[in-house]
Amino acid sequence: AIWYAKHGWQVFPLRPQTKEPFGGLGLYSAPADVNQVWQWWKRWPDANIGLHCGASGVLVLDADEYKDTYNGDGLLTRADENTVTSLTGSGGTHLLYAMPEYAHYGNAKGQLPKGVDVRGYGGYIVVPPSIHPNGNAYQWEAGYGPHEIPLLPLPPFLVELLDKAQAASGQAVKLPDITTEKPKLSDWRLSFSMQRT
């Protein structure tokens, strides 16, 4: 956890058996502050490590290849896969890419195939050497750890999908007609204390 914080990644402690944050903490509590991280893991030495992706400058493509519904074969080129890669404790793969400086991508996946998700701002992943509730360890793929290679930029097709998803979620919302009639306060039942104020 301290190594991640030293490299500017915002991490926070997760309960080992549930992958939920300790003590009311969460991804928005995650600092890139080595001292705070040290204090947390001194208190919870067996905690797993959660990474707030977007705030750490990372966008993660989460491919759950072990699921029967997985439909992401052929989604990435071999060149697209040459980025930092974590093998999850459940048998999936996290491919980590550099979040573009101009972007604020969240977790909207647009038209990605079944079994493929993204994690950005407002999303987190569990990172090595955490332990999955099933007892398996998360680990960096050999030769593809953040200590071995740099994050690749997002593949162009993924940028296009995320831009479309972001635009769709930003469409104008139609609100119902708003009445401007003055309310009849005499119809409201107020408590005695409310009537006195």
Side-chain angles (χ1 to χ4, degrees), residues 1 3-5 7-14 19-21 26-32 37 48-67 69-133 136-166 169:
W3 187 91
Y4 294 127
H7 289 80
W9 284 11
Q10 297 188 13
V11 295
F12 59 100
L14 298 170
K19 297 194 286 185
E20 293 181 4
L27 66 137
Y28 295 108
S29 307
V37 169
N48 280 337
I49 305 168
L51 171 72
H52 183 183
C53 301
S56 299
V58 175
L59 188 127
V60 176
L61 189 71
D62 181 4
D64 292 332
E65 299 173 33
Y66 61 92
K67 291 183 177 177
T69 56
Y70 180 74
N71 197 21
D73 289 334
L75 182 66
L76 300 170
T77 67
R78 183 67 189 128
D80 293 336
E81 294 176 349
N82 287 327
T83 191
V84 173
T85 304
S86 170
L87 306 175
T88 72
S90 59
T93 304
H94 290 155
L95 294 151
L96 286 71
Y97 296 96
M99 179 77 74
E101 289 185 19
Y102 64 85
H104 200 84
Y105 297 128
N107 303 312
K109 66 178 194 171
Q111 298 300 312
L112 287 173
K114 288 182 179 178
V116 179
D117 294 304
V118 294
R119 298 286 178 266
Y121 284 95
Y124 70 90
I125 60 168
V126 182
V127 293
S130 298
I131 304 296
H132 193 273
N136 294 332
Y138 288 76
Q139 53 190 318
W140 295 113
E141 186 173 354
Y144 291 91
H147 54 293
E148 298 170 301
I149 62 170
L151 298 170
L152 282 182
L154 283 175
F157 86 90
L158 191 53
V159 171
E160 185 178 343
L161 282 174
L162 294 172
D163 283 344
K164 285 180 182 175
Q166 197 169 52
S169 66

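Note that the structure is predicted; figures quoted are calculated from it, not measured.
- Under the 30°/60° scheme for interplanar angles, the aromatic rings of W9 and Y4 are found to lie parallel.
- Across all their heavy atoms, M99 and G54 have their closest contact at CE-CA, 3.9 Å.
- Considering NE2 of H94 and CH2 of W140, their distance stands at 9.5 Å, rounded to 0.5 Å.
- When all heavy atoms are compared, the tightest approach of L151 to G57 is CD1-O, 4.3 Å.
- Distance check: I125 CD1 to Y138 OH gives 9.0 Å after rounding to the nearest 0.5 Å.
- Closest approach of Y121 to N107, counting heavy atoms only: O-ND2, 3.8 Å.
- Summarising the geometry, atom CG belonging to L59 is positioned 7.5 Å from atom SG belonging to C53; distances are rounded to the nearest 0.5 Å.
- Judged purely by atom type and a 3.5 angstrom limit, T83 uses its side chain to pair as donor or acceptor with the backbone of L96.
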Item to check | side-chain contact (heavy atoms from CB on, under 4.5 Å) between Y124 and R119, worked out | outcome: CA-CA 6 Å; Y124 70 90; R119 298 286 178 266; over 6 Å; no
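- In this structure, the side chain of E148 engages the main chain of Y144 through a donor-acceptor pair within 3.5 Å.
- The distance from atom CG of L95 to atom CG of L154, rounded to the nearest 0.5 Å, is 11.0 Å.
- Between Y28 and H52, the ring-plane angle classifies as perpendicular under the 30° and 60° cut-offs.
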Checklist entry - Could you walk me through whether V126 and L14 pass the side-chain contact (heavy atoms from CB on, under 4.5 Å) check? => result CA-CA 8 Å; V126 182; L14 298 170; 3.7 Å; yes
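- Across all their heavy atoms, A30 and Q10 have their closest contact at O-OE1, 2.7 Å.
- Taking all atoms of both residues into account, the shortest heavy-atom contact from I149 to V84 is O-CG2, 3.5 Å.
- V37 has its side chain out of reach of P13: every pair of non-hydrogen atoms, C-beta onward, lies at least 4.5 Å apart.
- Contact detail for L27 and F12: the closest heavy-atom pair is CA-CE2, 3.4 Å.
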